[in-house]
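These notes are about the structure you will find just below.
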Amino acid sequence: MADEGASRRTVLGGAALGLAAAAAPSVYAQSGAGGAGGALLKDPKTKYRTEPFPEQRQPWPALASKMNPRPDHGETSYKGSGRLAGRKALLTGGDSGIGRAAAIAFAREGADVAINYLPQEEADAREVVDIIKEAGRKAVAIPGDIRTSAFCSKLVQRAHSQLGGLDILVNNAAYQQSKASIEEISDEQFDQTLKTNIYAMFWISKAAIPLMQPGSVIINTASVNSYDPGEELLDYASTKGAILIFTKGLAKQLAKKGIRVNAVAPGPIWTPLQVAGGQLPGQLGQFGKETPLGRAGQPAELAPLYVTLASDESSFTTGTVFGANGGKGNP
Ligand code: NAD
Ligand code: MG
């Protein structure tokens, strides 16, 4: 009987999904299902879309606004409760994906927010700036390429002076291109991946630390690849392994200054990076299916981890990693 009930619900859920999909593409499993903060319990297996994503490809760096379906960054669901009141945050890759979800959550928790992104991503960045302003917070947009030390230190200086301080740094930007074999990874790709993902983290952190007071935090975006590299992500996974150790080592150093350093390690999340070469061609349909929860995550599901790590409430948490990977991959 229990099984019968379960399969009946699945069929009904599927019918609702069919109607919703016909009306508008959605990341939600059923029309009416909400993101974080809803009063009703939601099954994590079916909270978001479980059917395959349509195959699609955008030129790098890709826009969230052109994805089908659009990711859920918590635009309509994230509710703050003053957990970051008066804080000053800089996020790289804050225009889209996980960085956007964290930026929205930070603003709704009461922080002023500066975002960095590439000039080609201005349209996505404008949406984030509008949401931060709607939350009644200061929004600072600082476009530019983080692959040079000179720009990274300029970025930090501008964020610090325009926000009037800096006490949350989120190193989140990354470059990811899947290649089946090491022979297909060009020197240019290898260089771009390392410069974006790990050199910039070093340069930006180095510039920010002297400006940060005790109680400040650095949060780095690691990955499930920090622990178990996807074989098609040799260069990217190498940077994510480095980010894990960079985080733990820097946490030891900065404990003396009262600055906490942690990381978030996501599993498969529906973001622009994935539709601009992040997956091998033909793989998007299966994206996220291998997780025990059986689906990809949405950026909105990561935002609470960044908020918690940034908040003074987690003052004994440093040198560690919060995972969000649908059930496997982290130690
Ligand atoms: P995303 O495409 O939304 O964000 C990546 C951002 O990196 C871009 O928006 C862009 O602004 C920025 N960026 C790339 N190159 C840059 C450069 N040279 N200069 C300045 N900015 C640059 O994708 P996302 O998935 O939200 O990625 C955010 C973080 O999450 C990354 O660190 C990524 O490695 C990590 N991550 C993502 C997944 C996933 O499945 N999506 C899984 C694990 C980890
Ligand atoms: Mg982007």
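Counting starts at 1 for both ligands and their atoms, in listed order. Only this structure's heavy atoms are used, side chains among them; waters, hydrogens and symmetry mates stay out. As the structure is a computational prediction, the values presented were derived from the model and not from experiment. For this chain, numbers begin at 1 and follow the sequence in order.
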Open item on the list: Tell me whether Lys240 has any N or O atom under 3.5 angstrom from an N or O of ligand 1.
Closed with: yes
Task: Side-chain heavy atoms of Asp124 within contact of Ser65, under 4.5 Å - done: yes
TODO: Answer with yes or no whether Gly267 contacts ligand 1, where contact means a heavy atom under 4.0 Å from a ligand atom.
DONE: yes
Task: Closest to atom 37 (C) of ligand 1 among Thr239, Ile269, Ile115, Ile98 (heavy-atom distance) - done: Ile98
Open item on the list: If the test is side chain to side chain contact (heavy atoms under 4.5 Å, CB included), which one of Leu234, Ile185, Ile198, Asp235 qualifies with Thr193?
Closed with: Asp235
TODO: Tell me, yes or no, whether the heavy-atom count around Phe151 atom CZ, taken from other residues, nucleotides or ligands under 6.0 Å, exceeds 12.
DONE: yes
Open item on the list: Is the shortest side-chain heavy-atom distance between Leu118 and Trp60 below 4.5 Å?
Closed with: yes
TODO: Return the residue, atom name and 0.1 Å-rounded distance of the protein heavy atom closest to atom 33 (C) of ligand 1.
DONE: Tyr236 OH, 3.4 Å
Task: Non-hydrogen atom of Gln192 closer than 4.0 Å to ligand 1 - done: no
Open item on the list: I'd like to check whether Pro268 has a polar contact with ligand 1, where a contact means an N/O of the residue lying under 3.5 Å from an N/O of the ligand.
Closed with: no
Open item on the list: I need the nearest protein heavy-atom contact for atom 12 (C) of ligand 1: residue, atom name and distance, please.
Closed with: Ala173 CB, 3.6 Å
- [ ] Taking the side chain as every heavy atom from C-beta outward, state whether Lys240 and Tyr227 have any atom pair closer than 4.5 Å.
- [x] no
TODO: Tell me which protein heavy atom sits closest to atom 35 (C) of ligand 1, plus the residue, atom name and distance to 0.1 Å.
DONE: Thr221 CG2, 3.5 Å
Task: Backbone N/O of Thr221 and side chain of Asn172: donor-acceptor pair under 3.5 Å - done: no
Open item on the list: Taking distance alone, with N or O pairs closer than 3.5 Å, would you say Pro61 contacts ligand 1?
Closed with: no
TODO: Report the protein N/O/S neighbours of the Mg ion (ligand 2) that fall below 2.8 Å; do not count waters.
DONE: Asp95 OD2, Ser96 OG, Glu121 OE2
Task: Side-chain touch Ser178/Leu233, heavy atoms, less than 4.5 angstrom - done: yes
Task: Nearest-option assignment for atom 4 (O) of ligand 1, heavy atoms, candidates Ala276, Ser96, Pro299 - done: Ser96
Task: Close approach of Asn116 to ligand 1, heavy atoms, under 4.0 angstrom - done: yes
TODO: May I ask whether Phe246 and Val261 are part of the same hydrophobic cluster, defined by side-chain heavy atoms of I, L, V, M, F, W, Y residues being less than 4.5 angstrom apart, directly or through others?
DONE: yes
Open item on the list: Can you check which of Ser223, Gly97, Ala200, Gly144 brings a heavy atom nearest to atom 20 (C) of ligand 1?
Closed with: Gly144
- [ ] Just go through Asn172, Asp95, Thr148 and tell me whose heavy atom is the nearest to atom 28 (C) of ligand 1.
- [x] Asn172
Task: Distance from atom 10 (C) of ligand 1 to nearest protein heavy atom, with residue and atom - done: Glu121 OE1, 3.1 Å
Open item on the list: I'd like to know if Glu301 and Arg295 make a salt bridge, using a cut-off of under 4.0 Å between side-chain N and carboxylate O.
Closed with: yes
Open item on the list: Quick test: of every protein heavy atom, which one is nearest to atom 19 (N) of ligand 1, and how far off is it to 0.1 Å?
Closed with: Ile146 N, 3.0 Å
- [ ] Say whether Gln176 and ligand 1 are in contact under the criterion: heavy-atom distance to a ligand atom below 4.0 Å.
- [x] no
Task: Distance from atom 24 (P) of ligand 1 to nearest protein heavy atom, with residue and atom - done: Thr271 OG1, 3.3 Å
Open item on the list: For Arg83 and Thr308: C-alpha separation, side-chain torsions, deciding distance, then whether side-chain hydrogen bond (donor to acceptor under 3.5 Å, both in side chains) applies.
Closed with: CA-CA 8 Å; Arg83 295 175 73 192; Thr308 296; 3.3 Å; yes
Open item on the list: Whether Glu75 and Arg100 form a salt bridge (side-chain N of Lys/Arg under 4.0 Å from carboxylate O of Asp/Glu) is what I want to check.
Closed with: yes
TODO: Look at atom 7 (O) of ligand 1 and find which of Gly329, Ala125, Ala174 reaches it with the closest heavy atom.
DONE: Ala174
- [ ] Run the contact test for Thr92 against ligand 1 with a 4.0 Å cut-off on heavy atoms, strictly below, and give the result.
- [x] no
Task: Shortest protein contact, atom 27 (O) of ligand 1 (heavy atom only) - done: Leu273 CD1, 3.7 Å
Task: Same cluster (ILVMFWY, side-chain, under 4.5 Å), Leu91 and Val307 - done: yes
Open item on the list: Is Phe151 close enough to touch ligand 1? Criterion: a residue heavy atom under 4.0 Å from a ligand atom.
Closed with: no
Task: Side-chain heavy-atom pair Leu284, Pro54 within 4.5 angstrom cut-off - done: no
Open item on the list: Is any side-chain heavy atom of Val217 closer than 4.5 Å to one of Leu309?
Closed with: no
TODO: Classify the ring geometry between Trp270 and Phe53 as parallel (under 30°), tilted (30 to 60°) or perpendicular (over 60°).
DONE: parallel
- [ ] State if Trp270 counts as touching ligand 1 under the rule of any non-hydrogen atom under 4.0 Å.
- [x] no
- [ ] Salt-bridge test for Asp167 and Lys88: reply yes if a basic N is under 4.0 Å from a carboxylate O, no otherwise.
- [x] no
